[in-house]
Structures are given as C-alpha cells and as structure tokens.
Amino acid sequence: MHYELKEKKVFIGELEIGMYVCRLDRPWEETSFVLQGFLIISQEEIDLLSEQCEYVYIETRQSLTSPQERRKSNQGLAGRGKKLKSGKKKPGAAPDSHLEHSVTYINKIPMEQEFGNARQCYKFAKLTAKSIMDGIRIGRTLDIHKVRNVVDKVVDSIISNANALTWLTKIKNKDEYTAEHSLNVCILSVAFARHLGLPEEEIRKIGLCGLLHDVGKAKIPDEILNKPGRFTDEEMEVMKQHTVFGRDLLLSVKDVDHATVDVAFTHHERIDEMGYPRGLRANQIPYYAKLISVVDTYDAITSVRCYDSGRSSMDALDIIYKNRNRQFDENLALEFIKFVGIYPPGSIVRMTNEEVGIVIASNKENKLRPRVLMVLDRNKKPVSQFIIDLSDSPNDINGEPYMISGEIPNGKYGVDIREFLKKGLVLKK
C-alpha cells in the first residue's frame, strides 16, 4: 500500500495526544521547541503549544489505494489523530499507541533462499553507508534518495525473512566500525520494528532513522573518532557534538523526514534525564529515538572497536535489562530482549555433546530452540555442514538429544563466521 503525506491545519484547541506536529504558525526559532517536528505524547506539550501558537500543522497520510482498503488499514500516521481509548498498551508498543492493531509478519521465504539475497543486500548497503560518511567528510551533499533506496532493500529482505540480514550483523570489523555500526543499527531496528508489529511504512521510516542516526560522526575528527582508548573529558565533549552535527546536517537536506532529524539529535537522551545533548525528560524523547537507543547500545557492546574487543549478546542484553527505566524505555528494553532471544542468529554455540554450531535462525515459539548449522564435531574437528532444528528435538549419532549448553565467542575453536562466509556458507537441510 502506498501513501501520500499531507499537512493539515489544526487549531490548538483541537490538538490531541498522538498527533504529529510538523509545522507551526510561526518560525520554530521563535518558540521554545528545539525539535522541528514532534509527536504529541502528553497534555503538557499541548499546553506549551497553546502558550506560543494559535494553530499548527499536523502530518497526515492518505492512502493512494481504494477507499475500502483505506478504511481497512486505518493505522500509522493517519491514525495518530485518534484519541487514546485506554491506558493499556501492547508491550513495547509506541507510547502514543498510534497502532490500533499490530501487524503479524511471517517469514515468506526460507532462510536458505533469502540468505544469498541478504548477502548481496548487506554488501551493497555497507558500501553505501561508507560512501555516505566519506562523502560528508569531504563536504558532499547527502543524497537522501540513495539512502532511502538502501533502506528499502533492507526492509524488503527482512519482511521476507527476519533472520537472514540479522545474521549478517554478527560480522564485525573494527576498521569499518562507524559505517558498519550504522548499517547494523538500521537492520536490527527494522527487524525489531517488525517484531513489534509496526506497519511497513513505519518500519521504513525507522530504518532510515537507524541508518542515519550517527551521521554527525562524519564531522568528528578522526583522531577522536578512532582513538584506541578512553576519551579525555574534552574529547568526550567533542564526541557528544555528533548529535548536534547530525541534526544540523539533516536539516540542510531537502525532503528529509522530520523523524530522522529527531533521532540523530536525541538518540543519546535517557529516561532518567541524564542523557545529552539536552537532558530531556522521558516524555520529551521521541519514540523512534528511544527504540534506536536500545539497538544502538546493543550493537555497540557486541562490536569489535578500536578500544574494545566486543562482548557477547548475553552481556549486552544484561546491560540493557539492568538499565531499563534509567537509560532505556522499560517496555522497549524488555521487548528487545524478547526479540533478540538467548541465542540470536549468528551466535556460535556449544552443544551439550560438545559439538559446535552457528545459529542461523531463531524460533519464534521457543527462543531456546533455534535452527543451528553444525560445523564442528565433539573433538572440535570440522564436519560436513548440516542443519538441525532444535524445535524438532533431534538426536545426535549416539541417540542423545541435541541441546545448547551456551554461547561461545567468535573465533573460539577456530570458528569465525567471517571465514565461513568467505569460504561460502552452505545452508542446506
């Protein structure tokens, strides 16, 4: 389904929670609103608008399909003007509850079939992400249409199968961290939004926010950005400026989405008001920024950087859990933990019989029983690759049930998922 975004003039007395304000009746600079475009999520924001404006313009969207289909799919931006009917929310759902009914997605294409397309998509997207950062460093204008094209490819792949591209985010290269991280946040944010049941148009917007959330880092000096050690207080202050640089850069781009600007500027704000650059309160932080914040932290912790070897997925989830309702929105943090699961795609796992495998797909019904590509026998010798689906309760050659005993770091026993990809990872059942 395709939509046409439109502006609608609304007097202050007609504003309701859930509406997206995209323009005021006066220049933004004459008001106290720093974010140029925001979602109304509290009565306090309406009261603040009433003190400074007589009317505003809200963003609406109209389906370009039939009226019947339009009525059937009355959700997303078009539904934001509807008053919240109750305080109950789907776990992890947007606080503005602009989704009356979440979307249920299924994997339309098997992992084995989508994996080849996902590899090509990842390669293309990574090159594009790198060229974006390199181009900005030398003063080139950001081509937002090129960025949207990349995001569309990512979304199409994840809508088809949520595991294939997610698997590839486990491949880390410290020498390409900035571009790689931006792409991984894009992919994981799209997959997470799919998990939350957001409509496809919203997922594409979130993907764009994810890919460009750190675009301001292109303006940070290389000697600080790639410093192999802790920042001094002065260097940290410079590093924090990437949020301001990102906002200013995106505001200068024609046809950029307001949400993308918001996320670049606010993804380091915290629920406990201890974030930067402005120490916003929880209800002032845009929902997309809260979502990207969780994903951003997860990928950063699990990545190999110039000053960190990268930690396990479980370590990252533990940190997110402990910081729920302080650094992160609690609902989103808990839902993200459910989304990633104990053994996410790309994890290297040791079985109870000492065999070793790589998780290639999670099991929605039971995250403890994923699909695993077996690569080493109990003596840690390479085997002819084969797949086991733990949800089927398979047995090994001795008749003992296959069970995972735990996750092991990339590189242990010589298992490096990057090397497996170079050699050609064969996914056949």
The side-chain hydrogen bond (donor to acceptor under 3.5 Å, both in side chains) partners of Glu200 (sequence neighbours excluded) come to Arg204
**OP:** Give a yes/no verdict on a cation-pi contact between Lys205 and Tyr288, requiring under 6.0 Å between NZ or CZ and the six-membered ring centre and an angle within 45° of the axis.
**Re:** no
Residues passing the side-chain hydrogen bond (donor to acceptor under 3.5 Å, both in side chains) test with Lys217, sequence neighbours excluded, are Asp214
When rounded to the nearest 0.5 Å, the distance separating CG of Asp329 from CD1 of Ile271 is 5.0 Å
Would you say NZ of Lys126 has more than 12 non-hydrogen atoms from neighbouring residues, nucleotides or ligands within 6.0 angstrom? yes
Here the gap from Asn323 atom CG to Thr297 atom OG1, rounded to the nearest 0.5 Å, amounts to 8.5 Å
Tyr276 meets the ring-ring contact (aromatic ring centres under 6.0 Å, His included) criterion, sequence neighbours left out, with His268
Residue set satisfying side chain to side chain contact (heavy atoms under 4.5 Å, CB included) with Ile337, at least two apart, ordered chain then number -> Leu317, Tyr321
The salt bridge (charged side-chain N to carboxylate O under 4.0 Å, His left out) partners of Lys240 (sequence neighbours excluded) come to Glu237
### Close side-chain approach of Val185 and Leu211, heavy atoms under 4.5 Å
no
Residues passing the salt bridge (charged side-chain N to carboxylate O under 4.0 Å, His left out) test with Lys130, sequence neighbours excluded, are Asp134
The reported gap from CZ in Arg270 to OG in Ser293 (rounded to nearest 0.5 angstrom) is 8.5 Å
Quick one, Pro286 and Glu269 - any side-chain contact, counting heavy atoms below 4.5 Å? no
Asn161 meets the side-chain hydrogen bond (donor to acceptor under 3.5 Å, both in side chains) criterion, sequence neighbours left out, with none
Determine whether Arg369 and Ile404 make a side-chain contact, defined as any pair of heavy atoms from C-beta on separated by less than 4.5 Å. no
Residues passing the salt bridge (charged side-chain N to carboxylate O under 4.0 Å, His left out) test with Lys146, sequence neighbours excluded, are none
Contacts of Glu407 meeting salt bridge (charged side-chain N to carboxylate O under 4.0 Å, His left out) (sequence neighbours excluded), chain-then-number -> none
Counting only heavy atoms not in Glu273, do more than 12 fall under 6.0 Å of its CD? yes
Is the shortest heavy-atom distance from the side chain of Lys219 to the side chain of His242 under 4.5 Å? no
Query raised in the report: How about Leu291 and Phe192: do any of their side-chain heavy atoms sit closer than 4.5 Å?
Result: yes
- Task: Answer yes or no: is there a side-chain heavy-atom contact under 4.5 Å between Thr232 and Met236?
- Result: no
side-chain hydrogen bond (donor to acceptor under 3.5 Å, both in side chains) filter on Glu114, not counting sequence neighbours, yields Asn117, Ser157
Any side-chain heavy-atom pair from Leu251 and Val256 closer than 4.5 angstrom? no
Residues at least two apart in sequence or cross-chain that pass ring-ring contact (aromatic ring centres under 6.0 Å, His included) with Tyr298, listed by chain then number, are Phe336
Output for pair (Arg326 CZ, Phe328 CZ), nearest 0.5 Å, gives 10.0 Å
Residue pairs meeting ring pair (Phe, Tyr, Trp, His ring centres under 6.0 Å), one or both in residues 201-224, sequence neighbours left out, come to His181-His213, His213-His267
- Query: Does Leu15 reach the side chain of Val56, with side-chain heavy atoms less than 4.5 Å apart?
  - Reply: yes
Sidechain-backbone polar pair: Tyr105 side chain, Leu198 backbone, donor-acceptor under 3.5 Å: yes
